[in-house]
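See below for the structure under consideration.
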Amino acid sequence: MTQDRAEIVRDIVAIVVAAVACPLAFFGGALLGCAAQGFDVTCARSAALVAPPLLILAGLAASALTRGTWGYVWVFVGVLIGMVLIWILAFAGGNDPLPVGPIEGSIATLWFLTPVTVGYVVGRGIAWAVGAWRRRDARGRSTG
């Protein structure tokens, strides 16, 4: 029973990590990318290059918290929540730089989901490799 609760808490934290990473990557990337040049079209391009590393790190963190297909589903839900948070925060700040159409929103969601997915897959691959190495070592085989 305790293990089930721990898994639920880890899944919820993975959702929160993915949800918070999206607005951080968007607004933080815009701030870092535009610090020297002001907010314009070239700023948006440079901000688009700043955000993916943060999203990859969020995917890596989420992969350490949760696992499996359902773990990825929770990360996906977190990204969807994060995209809604970006929209809400942009309107709350009186700043509407975001396209609000369904096609543009879908493209933006894929743009944010891809690096998170890459981070998640890499993190789960590393976890799998470490687990395989530990199982091999536990059976008494040489690790070198």
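Cluster annotation: Ile103 is not connected to Trp111 through the hydrophobic network of ILVMFWY side chains, with a link wherever side-chain heavy atoms come within less than 4.5 Å. Linking ILVMFWY residues whenever their side-chain heavy atoms come closer than 4.5 Å, directly or via other members, places Met83 and Phe76 in the same cluster. Hydrophobic cluster membership is shared by Val122 and Leu57, with clusters built from Ile, Leu, Val, Met, Phe, Trp and Tyr side chains linked at under 4.5 angstrom. Each of Leu80 and Ile15 belongs to its own hydrophobic cluster when Ile, Leu, Val, Met, Phe, Trp and Tyr are linked at side-chain heavy-atom distances under 4.5 angstrom. Connection of Ile86 to Leu89 is established within a shared hydrophobic cluster, with ILVMFWY side chains joined at heavy-atom distances below 4.5 Å, either directly or through further cluster members.
Across all their heavy atoms, Ala61 and Val17 have their closest contact at CB-CG1, 4.1 Å. Between Ala21 and Leu55 the shortest heavy-atom distance is O-CD2, 3.8 Å. Contact record, Pro115 with Pro52: CB-O, 3.8 Å, taken as the closest heavy-atom pair.
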Requested in this report: Begin from the C-alpha positions of Leu60 and Tyr120 and carry the test side chain to side chain contact (heavy atoms under 4.5 Å, CB included) through to its verdict.
Outcome: CA-CA 5 Å; Leu60 284 169; Tyr120 184 81; over 6 Å; no
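Within the structure, side chain to side chain donor-acceptor pair (under 3.5 Å) contacts touching residues 74-84 (residues at least two apart or in different chains) do not occur.
Side-chain contact between Val75 and Val116 is present, with at least one heavy-atom pair separated by less than 4.5 Å. Within the 4.5 Å cutoff, the side chain of Cys22 has heavy atoms near those of the Val79 side chain.
Partners of Thr109 according to the side-chain hydrogen bond (donor to acceptor under 3.5 Å, both in side chains) rule, which considers only residues two or more places apart in sequence or in another chain, do not exist here. For Thr66, the side-chain hydrogen bond (donor to acceptor under 3.5 Å, both in side chains) test picks out Asp11, with sequence neighbours left out.
With no hydrogens or angles considered, no side-chain donor-acceptor pair links Tyr72 and Ser63 at under 3.5 Å.
Rounded to the nearest 0.5 Å, atoms CZ (Arg10) and CZ (Arg5) are 14.0 Å apart.
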